[in-house]
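Whatever order the structure lists them in is the order used to number ligands and atoms, beginning at 1. If you read the sequence from its start, that first residue is 1, and numbering goes on from there.
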Amino acid sequence: MPTLFRKIKEVKNFIRGLRASAGNSFSVGFVPTMGYLHEGHMELIKKSKLQNDLTVVSIYVNPLQFGPEEDYERYPRDLERDLAMCGEAGVDVVFAPTDEEMYPETPKVKIEVEGISNVLEGVFRPGHFSGVALVVLKLFNIIQPDRAYFGEKDFQQLKLIQRLVKDLSYPVEIVPVPTVRDKDGLALSSRNTYLKEYERESALSIYRSFLIAQKLFRAGNTSANTLKEAIKEYISKHPHVRKIDYVEIVDEDFNIKEGEVSEGDRILVAVWIGNTRLIDNWRLSYEEV
Ligand code: PAF
């Protein structure tokens, strides 16, 4: 079983102690999570274990990144199950603080990354990325990892963290890990537990629409509009699709593409399936899928 810490000071001292006795080459890998772990998280952990001497996982449902109308209360939580999964995966340390420990006072710091915080997810979830940035930087300060692992599933979040670390010269290497999908193509997410069985087929329309776009792209259709319209048309004809918040394509630097797209650009979507809001993304390439 991993060693569980609830207190900032204790986890800090523990890691500091290990570093002091192990010497300079000792490396710490960090996987920040909100718990309710799934195979996607396990991939992050696997990668961290391969690249580091110590793997630390944080489990904390960060209230600052949820809007007042969002699913903070119903977000799935099961620490016992998460600890067992971490144990099986060979995680060394789990840090699972309480709200009082993380935020004894409501933080007054707001962190924004121009061109990332306030577009796409940032428009539909105002304040979300400020909350993410704050908790991630705070966790980095507590754990002081050499490497930190983020899934490409939350692509905008990954870009935000990469930019924060770059602009602040933060001494951590951000390691992106490809999205893990179920056999049928649904991107793994703790929020998939909200989906009713009869909604799953509609949720799969997201992945299938990416395959359609990829096929069009490979056939020479490079207009952003053509691809976006094909995706919207395909997804919207599914019965439990309540609303498409956005379908957009961005380049490596997170600029939204209007005209022609090229290999490496990413399609980003957010779709409501019943009462569940799903996000997913797809890297355009000339490869066959
Ligand atoms: O991706 C998540 O699970 C969360 O946004 C993170 C990075 C753990 C911050 O709360």
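- Comment: Glu152 engages Arg266 in a salt bridge, judged by a side-chain N to carboxylate O separation of less than 4.0 angstrom.
- Ser117 contributes a side-chain N or O that, together with a main-chain N or O of Val113, makes up a donor-acceptor pair within less than 3.5 Å.
- Here the heavy atom of the protein found nearest to atom 9 (C) of ligand 1 is Gln65 OE1, 3.4 Å.
- A salt bridge links Arg277 to Glu121: one of the charged nitrogens lies within less than 4.0 Å of a carboxylate oxygen.
- Under a cutoff of 6.0 Å and an axis angle of 45°, Arg16 and Phe26 do not form a cation-pi pair.
- Shortest contact from atom 3 (O) of ligand 1 to any protein heavy atom: Met34 CG, 3.6 Å.
- For the pair Arg74 and Tyr194, the distance from NZ or CZ to the six-membered ring centre is under 6.0 Å and the angle to the ring normal is within 45 degrees.
- Listed by number with element, the atoms of ligand 1 under 4.0 angstrom from any heavy atom of Thr33 are 8 (C).
- Near Val135, meaning under 4.0 Å from any of its heavy atoms, are these atoms of ligand 1: 9 (C), 10 (O).
- Protein heavy atom in closest approach to atom 7 (C) of ligand 1: Gln157 NE2, 3.6 Å.
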